[in-house]
Amino acid sequence: MEIDIDYLIQGYAQGYFLMADDTGNLGWYSSRKRAIIPLDDRFRYPKSLRRVLNQERFSVSINRDFLGVMTGCADRETTWISPELKEIYWQFYKAGWAYSFETWQGNQLAGGILGIVIGGAFIGESMFYRIPEGSKVAMVKLVERLRHRNFLLFDAQMMNSHLERFGACTVNEQEYSLLLQQAIAQTCSFDEPI
């Protein structure tokens, strides 16, 4: 399968994202109400998670097991991550656009977030967990990292109740487009050693 990475990244840079439908056909999507994770003091998380973070049961890494995170994100009853999209993510990863932000318990992958980085924008594609709290800890640690690296945007694409617990909010297409353009104009380094 021939993949035009530059063309696809351009689509993300214009505010679209790829998803497969129920039949596995891949298409571009956008959302009139775009979900974003705030990188300021609006970001929050449940008190119970604070205890888990204080116990330091999880370690974090970037791209230690990209395939494992991608597979974990796709492994659900209904998934928008088709085999074709997996191949695209893999090519993005090899070209330095896609990243997995992982939590580990010992040598076991506990959870992770799959995302695409363009400038100062982290576009979250999916998340999963194998060990309870694994993906939640990944979310908190990822936000800390994005703040530390001066990222402007953490795009979560579509709102759900899980994201709302972290202070996620929605912005309209115009606001999102402005945020995205400001973010991708930044030069931010995501994958320096943790």
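Sequential numbering from 1 along the given sequence is applied to the chain's residues. Everything numeric in this text was worked out from a predicted model, so none of it was measured.
The environment of Y16 atom OH is sparse: at most 12 non-hydrogen atoms of other residues, nucleotides or ligands sit within 6.0 angstrom. Other residues, nucleotides and ligands place no more than 12 heavy atoms under 6.0 Å from the CG atom of D22. Applying the 6.0 Å contact sphere to CD of E56 captures no more than 12 heavy atoms from other residues, nucleotides or ligands.
Under the 3.5 Å distance criterion, the side-chain polar atoms of R147 are matched with a main-chain donor or acceptor of L39. When atom types are taken as modelled, the side chain of R64 and the backbone of W104 share no donor-acceptor pair closer than 3.5 angstrom. Between the T79 side chain and the I81 main chain, a donor and an acceptor come within less than 3.5 Å of each other.
In terms of heavy-atom proximity, S126 sits nearest to C73 at OG-CB, 3.4 Å. When all heavy atoms of R44 and E164 are compared, the pair lying nearest together is NH2-O, 3.2 Å. The shortest non-hydrogen separation linking F128 to S135 is O-CB, 3.2 Å. Taking both residues in full, the closest heavy atoms of A121 and F151 are given as N-CD2, 3.7 Å, listed atom of the first, atom of the second, then distance. For the pair A156 and I37, the tightest heavy-atom approach, listed with the atom from each and the gap, is CB-CG1, 4.0 Å. Among all heavy-atom pairs drawn from W80 and L18, the shortest one is CD1-O, 4.5 Å.
L49 and M139 fall within a single hydrophobic cluster, where Ile, Leu, Val, Met, Phe, Trp and Tyr are joined by side-chain heavy atoms under 4.5 Å apart, directly or via other members. Note on Y129: it does not cluster hydrophobically with V137, by side-chain heavy-atom contacts below 4.5 Å among ILVMFWY residues. Residue I9 is grouped with residue L85 when hydrophobic side chains (ILVMFWY) are merged at heavy-atom distances under 4.5 angstrom, including chains of intermediate members.
Using a 4.5 Å heavy-atom cutoff, the side chains of Y89 and E125 are in contact. Proximity of D191 to V117: side-chain heavy atoms (C-beta onward) are nowhere separated by under 4.5 Å. Contact of the L8 side chain with the W97 side chain is not registered, since no non-hydrogen atoms from C-beta on lie closer than 4.5 Å. Side chains of L178 and Q174 form no contact here, defined as non-hydrogen atoms less than 4.5 Å apart. Side-chain contact between I131 and T103: absent, with no pair of heavy atoms (C-beta onward) separated by less than 4.5 Å.
In this structure, D65 CG and M70 CE are separated by 10.0 Å, a value rounded to the nearest 0.5 Å. For the atom pair CG (L153) and CD1 (I36), the distance works out to 6.5 Å, reported to the nearest 0.5 Å. One distance of note links NZ of K33 with CG of N172; it measures 8.5 Å at 0.5 Å rounding. To the nearest 0.5 Å, the span separating CG on L152 from CD on Q181 amounts to 12.0 Å. Here the straight-line distance linking atom CD1 of I184 with atom CG of L179 works out to 11.5 Å at 0.5 Å rounding. Atom-to-atom distance recorded for M158:CE and Y29:OH is 9.0 Å, nearest 0.5 angstrom.
When each of F122, F166, F43, F101 is checked for a ring-ring contact (aromatic ring centres under 6.0 Å, His included) with F154, only F122 meets the rule. Test F66, Y93, F190 against Y99 for ring-ring contact (aromatic ring centres under 6.0 Å, His included) and you get one pass: F190.
Ion pairing between a basic and an acidic side chain is recognised when a charged N comes within 4.0 Å of a carboxylate O; E144 and K141 show such pairing.
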Determine whether I62 and R145 satisfy the following criterion, side chain to side chain contact (heavy atoms under 4.5 Å, CB included), listing intermediate values before the conclusion. CA-CA 11 Å; I62 293 172; R145 183 167 193 81; 3.2 Å; yes
Given I116 and D155, is the side chain to side chain contact (heavy atoms under 4.5 Å, CB included) satisfied, shown in steps? CA-CA 10 Å; I116 293 164; D155 177 6; over 6 Å; no
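Checked against the 6.0 Å centroid threshold, Y12 and W28 count as a close aromatic pair.
Side-chain contact check for E84 and S82: no donor-acceptor pair (N or O, by modelled atom type) lies under 3.5 Å. In the model, Q182 has no side-chain atom that pairs as donor or acceptor with a side-chain atom of Q186 under 3.5 Å.
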